[in-house]
Amino acid sequence: MVEIADIAVARRASVKDATGKRAPALPHDIGFSPLTEVSVDQWRALAERAIEPNGYYLPAWELAVNASARGRTGVSALSAWRKAQDAARLTGLLPVVSMWRACKIPLPALVSASPYGTLCTPLLDRDCATEAPKQLMTAARANGAYALILRDVSLNGAAMRAFAEVLRQDGIRPLVLQSHFRACLDARREADELLQDALGGKKLKELRRQRNRLAEHGAVRFDVARTPGAVANAIEIFLALEASGWKAKRGTALKQDEGDAGFIRRATTGLAETGQCEIVTLHAGDTPVAAAIVLRHQDRAFYFKLGIDERFSKFSPGVQLTLDLTRHLCADAVLATADSTASADHPMINPMWRGRLKIGDVIIPLRRNDPMVWLIHAAMTMRQRGYEFARRTINLIRNR
């Protein structure tokens, strides 16, 4: 059963075994291939035309994840193509893994691949908003899947609406497994007014006092690295800061795993070449006290990770950096929003960024009235309840 459910792996293996070597990729014919066989130029062009931005599915980022990130390599791709007389245009892309690999559940479904960020919204061509999701679903069916499971998608976004419309035409509805709200920034507002409304005068006064105390260790400055060379230097500062605190104690700092460190170095410098990555750093004199990675796609920014020097924790360096980042993003005329990509109840970003995005996990049935889909839904629901019980138990133990 596991071998049957592991669609992505089984499909590639059968083609390779039958020919004795890797078969040539024909993604515009079969709609399913190893991620590495998708044309990078086509992928970049699709990202420019995407109906909804997702910085974590940009080619420089996701290919770097796929190359070395712990537990996230060997990903496949569902793709949609619009054929022309002399060429084909990529109109949809969704990196996927089998349900067994994603959830350890031996059922025939494909699951959106984790891009190391909490957003798996597929890239859909704005000119093919109905055609592209239909082709992605057809390709999934052709490769043995009974459902697509989209994790961490924007439930009210344009991509999800496109899938819902295709399903509606066939008398099917998407099944939401879980949903939550997370913080986002309306970058079209004036930053100081936004922060005043969000935090209030008393809190801002306290943060100014902390900043003045931090300045006793050296002049406080906010730096933005944009070029590949500057980003390559800044990522080392970020990695050192992230590995200096509680993340290292839990074993989750990127620098602690060679594959993760390699992915983030490659991804950030690669995106910097196209102006889609910035690393922001807060210094007190010559000492970096906080740093963060920010991705950019179309009119949206994505706040990926934050690292701080915990020796300065009483001055709230992460909050100080985020204040400066908020002003930086609001001053950018290109940006409309910034996704925090944080947890639903994040204590630092929620009070500051008061906008909310509805994020969730969704099952896309590939056939009407299919009992296998209800089995997949039941298995995922049980898994989610088990996860929530474990999370509450861990939090209870920590609080005690």
Should we count [atom1] of [X] as having more than 12 external heavy atoms under 6.0 Å?
X	atom1	value
K203	NZ	no
K104	NZ	yes
R385	CZ	no
E258	CD	no

Taking ring-ring contact (aromatic ring centres under 6.0 Å, His included) as the definition, give me every residue that meets it alongside [X], ordered by chain and number, with sequence neighbours left out.
X	value
F302	Y56
F315	H217
F163	none

Ion pair present between [X] and [Y], side-chain N to carboxylate O less than 4.0 angstrom?
X	Y	answer
R368	D370	no
D192	R327	yes
D197	R189	yes
K134	E131	no
R82	D127	no

Exercise for review: State which residues pass side-chain hydrogen bond (donor to acceptor under 3.5 Å, both in side chains) with R49; sequence neighbours excluded, sorted by chain then number.
Suggested key: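 Per chain and number, R49 pairs via side-chain hydrogen bond (donor to acceptor under 3.5 Å, both in side chains) with D125.
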Review point. Excluding sequence neighbours, so at least two apart, what forms side-chain hydrogen bond (donor to acceptor under 3.5 Å, both in side chains) with Q320?
Key: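 In terms of side-chain hydrogen bond (donor to acceptor under 3.5 Å, both in side chains), with neighbours along the sequence ignored, Q320 is linked to R211.
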Donor + acceptor pair across side chains of [X], [Y] (<3.5 Å):
X	Y	result
W353	T326	yes
R141	T138	yes
R300	T337	yes

Check your understanding: Where the side chain of T269 meets the backbone of P228, is there a donor-acceptor pair that is under 3.5 Å apart?
Key ->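 Checked: no pair found.
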**Study point:** F304 and F263 aromatic ring geometry - parallel, tilted or perpendicular at 30°/60° bounds
**Key:**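 Geometry flag for F304 against F263: perpendicular rings.
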**Study point:** Common cluster, I235/I237, ILVMFWY with side-chain heavy-atom separation under 4.5 Å
**Key:**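 No; tracing contacts between hydrophobic side chains, which count when under 4.5 Å, never links both residues.
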Point to revise | Side chain proximity check, D299 to P53, heavy atoms < 4.5 angstrom | key: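 D299 vs P53: side chains touch.
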Point to revise | Residues in salt bridge (charged side-chain N to carboxylate O under 4.0 Å, His left out) contact with D186, at least two apart in sequence or another chain | key: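 Applying salt bridge (charged side-chain N to carboxylate O under 4.0 Å, His left out) to D186 gives R188.
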